[in-house]
2 protein chains.
Amino acid sequence: MLESASKKPASTRERLLELAEQMVLRKGFASTSIEELIAGVGITKSGFFYHFKDKNDLARALMQRYLEDNKRQLDGIFARAAELHEDPLHSFLIGLKLFAELMNSVHDVHPGCIAAAVIYQDQAFDAEVRSLSAEGMLDWRKRFRTHLDRIVKRYPPKIDVDLDSLADMMSALADGGIILSKALKDRTTLPAQIMHYRNYIKLLFEPA
Amino acid sequence: MLESASKKPASTRERLLELAEQMVLRKGFASTSIEELIAGVGITKSGFFYHFKDKNDLARALMQRYLEDNKRQLDGIFARAAELHEDPLHSFLIGLKLFAELMNSVHDVHPGCIAAAVIYQDQAFDAEVRSLSAEGMLDWRKRFRTHLDRIVKRYPPKIDVDLDSLADMMSALADGGIILSKALKDRTTLPAQIMHYRNYIKLLFEPA
DNA sequence: GCTCGAACTGCACCTATGGTACAGTATACC
DNA sequence: GGTATACTGTACCATAGGTGCAGTTCGAGC
């Protein structure tokens with residue numbers, strides 16, 4: 001299900017998106033100049049506008065690509081976790097551990113979340129890009145909420161909590177953890193936050 | 001200790017900073033044009049450059065102002081919490097509740113954190129601004145770590161946790177909660193995340 | 001071997017914006 | 001009356017996003 005790195009040479013469009021993603025996460029969208037992009041990829045300005053109608057069209061493609069990659073990764077992790085344990089709570093805890101491990105291994109320091117990056121440059125994007133970003137957040141909510149629903153059926157929580165906001169907590173910790181990681185240039189910060197979420201879930205639902 | 005809104009008319013410099021903060025949080029730094037700023041405040045471009053050497057100088061002033069306001073707010077909250085209870089754990093829990101309430105009351109939806117906004121527009125700022133942002137995060141770590149140190153002396157945690165990352169968790173949830181609030185246009189998201197942090201602290205340290 | 005569409009190049013041109021430089025001015029305080 | 005503060009006005013430059021359009025290269029299908 002997970003294709004890691006296909007060998008066929010990336011298309012110009014794909015290379016533009018890849019470079020744009022790196023630049024947007026480091027400099028912000030407005031500071032990411034088309035001129036730098038085409039210089040990096042080795043095409044002309046006309047070539048760029050052949051692939052993308054304008055800069056916002058690039059942003060839209062960037063968001064879509066990011067959200068799809070994201071979903072694929074999470075699907076992979078929690079499918080594996082479901083294989084390893086049938087119980088909803090323990091399977092979820094395993095999934096969170098796998099998630100933390102993945103965030104610890106892949107990058108030097110996490111390059112960032114496109115959906116979060118958009119939020120602080122809101123008005124620089126059109127409505128479609130903004131709504132894609134919000135959809136991404138709601139997908140995470142739905143995804144984690146599904147796990148939590150299965151857990152509460154079997155394990156009563158020690159404190160009464162709102163399950164939507166408990167699901168959102170994972171997004172908040174991921175986005176916040178990424179910001180801290182980037183600010184402090186410490187790649188351990190993000191996985192540590194995921195493990196705190198895991199602790200909280202354990203303390204909330206695991207019987208004594 | 002807390003001066004809410006002084007009545008004397010704000011100086012031009014102050015009005016520039018106030019407007020710039022709003023614009024940076026909504027559109028990003030690069031998209032915040034000096035032209036719009038001076039139009040909003042009613043001065044000329046020369047007037048702007050009288051107050052700020054260049055755009056990065058504005059960014060530096062913005063960060064400093066934001067961090068100072070931030071510290072003042074947190075000082076106020078936890079000083080009040082210390083007044084209300086002597087015990088380190090309960091005083092901290094009270095402080096977190098006050099913090100959540102403040103985040104619920106003040107704004108329609110939280111306008112954003114300048115320090116976090118900088119992180120996703122990293123290379124658009126000079127080294128000084130970036131380092132101010134990181135200092136802000138470390139100040140939060142130190143601040144919350146102090147509370148946690150006092151708590152662990154009296155209450156052994158149920159799970160062995162790293163106290164620095166537990167202190168960082170508050171920053172992560174605040175920054176992540178703000179992003180979610182802004183993305184979903186829901187002002188309840190941020191206070192809900194603070195209350196989850198409070199729950200986690202309770203479950204970790206409060207004796208059964 | 002020809003046609004056609006995809007994936008570009010090249011050039012011309014317009015506008016907005018950040019930024020520099022510098023001379024001049026209104027007002028308040030000393 | 002002098003000086004500092006807080007500006008205005010004018011002129012000018014480089015870079016960037018963006019538009020428009022004509023021309024080119026190249027591989028696949030007929």
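Each chain gets a letter, A, B and so on, in the order the sequences are listed, and its residues count up from 1.
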### Task
Carefully, step by step, assess A:W140 and A:N70 under the rule side-chain hydrogen bond (donor to acceptor under 3.5 Å, both in side chains).
CA-CA 10 Å; A:W140 274 50; A:N70 215 259; 2.9 Å; yes
### Query
Hey, does the side chain of A:R198 reach the backbone of A:L96 with a donor-acceptor pair shorter than 3.5 angstrom?
no
### Query
Quick one: are the ring centres of B:F144 and B:F78 less than 6.0 Å apart?
yes
So, is [X] near the phosphate of [N], with a side-chain N or O under 4.0 Å from OP1 or OP2?
X	N	answer
A:H51	C:dC8	yes
A:Y50	C:dA7	yes
B:T12	D:dC7	yes

Distance, rounded to the nearest Å, where [X] contributes [atom1] and [N] contributes [atom2]:
X	N	atom1	atom2	answer
A:E35	D:dG18	CD	C1'	11 Å
B:N56	C:dG18	CG	C1'	12 Å
B:F48	D:dT5	CZ	P	20 Å

### Message
Ignoring hydrogens and geometry beyond distance, is a side-chain donor-acceptor pair present between B:H196 and A:S165 at under 3.5 Å?
### Response
yes
Between [options], spot the one nearest the side chain of [X], thanks.
X	options	value
B:T44	C:dC8, D:dT8, D:dT19	D:dT8
B:S33	C:dT17, D:dT19, C:dG19	C:dT17
B:K45	C:dG19, C:dT9, D:dA6	C:dG19

### Query
Do A:S46 and C:dG10 have a side chain to base donor-acceptor pair shorter than 3.5 Å?
yes
